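Heads up: the structure comes next, in structure tokens.
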Amino acid sequence: MDDHWQNNVNQQGTEIPTYGEGGGQEYPYQADFPQQEGGGDEDARSDATEGHDEDAEAMYEGEYQGIPHPDEIKAAQRAARAEARKKARLAAAMPDEEDLAEQYENIMEDCGHGRFQWTLFIVLGMALMADGVDGFVVGFVLPSAEKDMCLSNANKGMLGKSQGLFVIVVWSGRGRGVFVLRGSGCFIYVVIGGTIPIVYTYFAEFLQMDKRGEHLSWLCMFWMFGGLYASFTAWGIIPHYGWGISLGTQYQIHTWRVFILVCMFPAIIALIGLVFMPESPRFFLENGRHDEAWMILRQVHDTNWKAKGEPERVFTVSNITTPKTQEDEFIEIQSDTGTSFQRWTVRHTNLLKQVMQNVISLAAPDLRLQSLFLAIVWFTMAFSYHGLSVWFPDMIKYMQYEEYESKVKLFHRERVERFHFNFSLVNQIHKEGEYVHDKFMNIEIKSVKFEDSLFENCYFEDVRSTNTYFENCTIKNTVFYNTDLWEDSKFIDCQMENATFLHPKKGCHLNFQEENDIVIYMVSFLGSLATLPGNILSALFMDKIGRIKIIGGSMLVSAVCTFLLLLSFSQGAVILFQCLFYATSVAAWNGLEVITVEIYPSAKRCTAFGVLNGTCKLAAIIGSFIFAKFIGVTKIIPIFLAFAALACGGLLATKLPDTREKILE
């Protein structure tokens, strides 16, 4: 047993390690935790053995068959790990400062995995779910919002690009994260921002090594749940016109605004849950707040063992040795002296300095190659995944447009006089026509365009229009009564001569059958649902076959699947291959998130994750831009780019280190 450990006795008579035997000779600093209720170590021992007669104590049930007690197995595993790490440190001439990681791992094993971790799992899952919902909100509401707000073609692009940050509330540490109120144009919604780096780091620091890969992978599923929630609720809410609220005849709160409110629910639940979650004890230990860390670790221990029906288990950790440098002590002295402004300046200057040092340290010799490989794998994965995520729906829309074009009827230089139009006009283009003394009454005009045409002494009444325009037309002595055809929105470069508009239905009134094709929601829903098998398999096998094989295998199989896109000659085929690609690629994302948490030491983990996540966003922007340019031009170039990126990233992923047996540093 390591000489830094003390041994206490629990109720079963097995040895319980207590960390950091007095002296602290190898470390310049040692912190004592609060003692267990009832006194010092002697009281803790008496509480642990109270009511037990050593002669009459029941034997462990499996001892009759020679089966070792689980506590004995854990003790043996700890001893083996300690010996291996000691040899590694001696071989590499490394200092003993890594003992904190080993001691923390042993404490988490004693705390067990139970109710506390599952509660945290749900809360953080809702935060990830909110992030997943955010990825779909704008795409779902954009068609309706553009129509509802009467945006011209020149201004439509601005709505999608105007997502800004209105309010940012930041809590320090890992447990709180960043909560953001975001808005775009006339709609505002609440999401969790920056969740991915913080959530995985925070959750990993409450997990023991043999649970880490599996449960981080299960956590990844909540991003899928976010996509399912967004697409399902959009499908169920937005197309229902009657669910909106009317404020007169010219303004209505349509259902796309109701959908935005519903999308806030996961973020609100996550915010409420995070208020009741503690900070990461590992974060406190790294920052010298040892008493607070001890209280949280005891809370985790007691919560789990009480839920398992063993409330008598005593949390026996009394102290732990952690390194503390002279620079840390100097900063503390500076932070506690001077005026309040000087103290604030010192703290925030040192915080900024620490962030910059963490970013620069990612290129340190011991991390340089791993950081480079990880950045390339993240970039190639995001480039192909997000590029194809844009390509799939745009390709479906392009196929729909081609189908529409094939059905459009062209009327050239027609003359219609004294005719009563009492039937709908759909998918038509009228060029250089003449309409004299005609009546258009109680009809729907959908996807119709009149170009260079003359309307003289005509009468329009109770006309509903969708995607209908008059361009370079001459309107003479014509009356528009109770229609949504009005001068500012439907008539482009037209000449008006004695035209009259009575009781116009101003505003851009949505036709939900036209503006909200259910294919949009169905494709997103099926795409999110297709990731379910990949999520489950990656969680079950993450610790069995390793992160490297999961990442490399998933990316290479996804690369092969991209070639099947050459066979996508219909909307159904595109949807099918989209689902296949999502199903095979999701495991690589899960593996990347797990290995990123495990490779970097605690002080650099969030920073590294944030930098890599930023690399991912950059790749997504580049991929989305490039892939969108080839819609309607060729399929070969996007497919080749996706294949090359996935194949290169998958092969490079095999060079990453295996972190299955690695203790979080």
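Predicted model, so just to flag it, every value in this text is computed and none were measured. The first residue in the sequence is number 1, and the count goes up from there.
- In this structure, Thr562 contributes its side chain and Val560 its backbone to no donor-acceptor pair below 3.5 Å.
- Aromatic pair Phe480/Phe491: centroids less than 6.0 angstrom apart.
- Checked by atom type, the side-chain pair Ser528/Trp223 shows no donor-acceptor distance below 3.5 Å.
- With contacts defined as side-chain heavy-atom distances shorter than 4.5 Å, the pair Leu580/Leu564 qualifies.
- In this structure, Phe265 has its ring center at least 6.0 angstrom away from the ring center of Tyr229.
- With hydrogens and angles left out, the side-chain atoms of Ser389 and Tyr582 include a donor and acceptor closer than 3.5 Å.
- Between Phe470 and Ser453 there is no side-chain heavy-atom pair separated by less than 4.5 Å.
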### Trace of the side-chain hydrogen bond (donor to acceptor under 3.5 Å, both in side chains) decision for Trp391 with Ser624
CA-CA 8 Å; Trp391 187 85; Ser624 301; over 6 Å; no
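- With a 4.5 Å cut-off on side-chain heavy atoms, Tyr481 and His503 count as touching.
- Ring centers of Trp589 and Tyr385: under 6.0 Å apart, within the cut-off.
- Distance alone, capped at 3.5 Å, is enough to place a donor-acceptor pair between the Ser231 side chain and the Leu228 backbone.
- Judged purely by atom type and a 3.5 angstrom limit, Ser554 uses its side chain to pair as donor or acceptor with the backbone of Ala588.
- Inspection of the Asn422 and Asn442 side chains reveals no N or O donor paired with an N or O acceptor under 3.5 Å.
- Figure legend: cation-pi geometry between Lys449 and Tyr469 absent, as NZ or CZ is not positioned both under 6.0 Å from the six-membered ring centre and within 45° of its axis.
- Distance alone, capped at 3.5 Å, is enough to place a donor-acceptor pair between the Thr584 side chain and the Phe581 backbone.
- Residues Glu593 and Tyr200 have side chains that bring a donor and an acceptor to within less than 3.5 angstrom of each other.
- Residues Phe419 and Phe421 bring their aromatic ring centres within 6.0 Å.
- With hydrogens and angles disregarded, a donor-acceptor distance shorter than 3.5 Å links the side chain of Lys635 to the backbone of Ser568.
- The residue from Glu451, Glu434, Glu432 that alone fulfils the salt bridge (charged side-chain N to carboxylate O under 4.0 Å, His left out) condition with Arg413 is Glu432.
- By the 6.0 Å and 45° rule, Lys439 does not stack over the aromatic ring of Phe460.
- Looking at Ile475, Asn477, Thr478, Val479 one by one, the single match for side-chain contact (heavy atoms from CB on, under 4.5 Å) with Cys458 turns out to be Thr478.
- Looking only at distances, a side-chain donor or acceptor of Asp438 sits under 3.5 Å from a matching main-chain atom of Arg418.
- Judged purely by distance below 3.5 Å, without hydrogens or angles, the side chains of Asp484 and Ser465 pair a donor atom with an acceptor atom.
- Ring-centre distance between Phe232 and Phe225: not below the 6.0 Å cut-off.
- The one candidate from Arg415, Glu417, His430 that meets the side-chain hydrogen bond (donor to acceptor under 3.5 Å, both in side chains) condition with Tyr435 is His430.
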